[in-house]
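Since the model is a prediction, treat every value here as computed from it, not as a measurement.
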Amino acid sequence: SHIPGAGYIDTNRLEGEPLWNKVSDEALKALLLENGIRHDTTVILYGRNTMAAARAAHLMMYAGVEDVRLLDGGLEAWFVQHLRTETGLANKFTPAKEFGVAIPAHPEYYTTLDQAKALLKQPDGAWSACAPGTSSWAIPRATATSSPRGTFPGPDGVMAGWMPTA
């Protein structure tokens with residue numbers, strides 16, 4: 001089931017296996033246009049997997065969609081409130097002819113592995129982090145001489161550690 005009036009975007013068309021990297025800008029543009037999404041379309045994303053919706057939101061903002069929102073709690077929040085849903089096929093929107101701005105409008109929202117490596121080598125303390133409560137790695141630039149509990153010194157002075165779930 002789905003929220004009444006909602007369309008469907010296959011998130012597998014946003015990323016490619018095996019590492020789930022972003023598809024080409026041309027493929028992203030084609031997917032957005034096919035679903036009637038332009039730079040000035042308001043898009044509210046939800047799903048059973050809120051991470052997939054968040055990834056879709058990120059890539060839409062990268063492309064240049066100006067008003068992208070996530071439904072807090074995803075589809076489960078909709079169900080908990082006992083709000084109406086529909087079964088059957090999702091809504092099909094009229095394809096858009098033009099996106100309206102060059103893609104990517106916000107290349108700064110995306111970093112390749114090579115760009116991340118270069119940033120981590122800079123002395124300005126560039127770092128990357130994960131969302132709290134996930135079992136991902138935080139990679140801040142090391143500035144202290146001792147390793148805080150739960151972290152260990154990595155190559156080139158980079159500190160890496162697991163962020164435990166609270």
By ring-ring contact (aromatic ring centres under 6.0 Å, His included), Y8 pairs with (sequence neighbours left out) none
Tightest non-hydrogen contact, residues E98 and L33, listed as C-CD2, 3.5 Å
Scanning both residues in full, the closest heavy-atom pair of K22 with R55 reads N-NH2, 3.7 Å
>> Tell me whether V23 shares a hydrophobic cluster with L45, the cluster being built from Ile, Leu, Val, Met, Phe, Trp, Tyr side chains joined at under 4.5 Å.
In response: yes
OG1 of T11 to CD of E15, rounded to nearest 0.5 Å, is 7.0 Å
| said: In this structure, would I3 and M60 fall into the same cluster of hydrophobic residues linked by side-chain contacts under 4.5 Å? | reply: no
Output for pair (E34 CD, T94 OG1), nearest 0.5 Å, gives 12.5 Å
Rounding to 0.5 Å, atoms CG (L31) and CG (D10) come to a distance of 8.0 Å
task = Using modelled atom types only, decide if a donor and an acceptor are shared between the side chain of W78 and the backbone of R84 within a distance under 3.5 Å.
result = yes
* Asked: More than 12 foreign heavy atoms under 6.0 Å from CG of L89: is that the case here?
  -> no
So CD1 of I37 and CG of L32: to nearest 0.5 Å the spacing works out to 5.0 Å
CZ of F99 to NZ of K29, rounded to nearest 0.5 Å, is 8.5 Å
With the side chain counted from C-beta on, respond yes when S1 and T87 share a heavy-atom pair under 4.5 Å apart, and no when they do not. yes
Taking every heavy atom of H2 against every heavy atom of Y46, the minimum-distance pair comes out as CB-OH, 3.4 Å
Rounding to 0.5 Å, atoms CG (L59) and CG (D25) come to a distance of 9.5 Å
Notebook entry, point to check: According to a 4.5 Å side-chain heavy-atom criterion applied to Ile, Leu, Val, Met, Phe, Trp and Tyr, with indirect links allowed, do Y110 and I103 form part of one hydrophobic cluster?
Noted result: yes
Next item on the list: Answer yes if L75 and L83 sit in the same cluster of Ile, Leu, Val, Met, Phe, Trp and Tyr residues linked by side chain heavy atoms under 4.5 Å apart, and no otherwise.
Entry: yes
Closest heavy-atom pair, L70 versus A57, reported as atoms and distance to 0.1 Å, is CD2-CB, 4.0 Å
Closest heavy-atom pair, L28 versus Y62, reported as atoms and distance to 0.1 Å, is CD2-CD2, 4.0 Å
Requested in this report: Tell me whether V43 is reachable from M51 by hopping between hydrophobic residues (I, L, V, M, F, W, Y) whose side-chain heavy atoms are closer than 4.5 Å.
Outcome: no
In terms of heavy-atom contacts, G47 and A53 come closest through N-CB, 4.4 Å
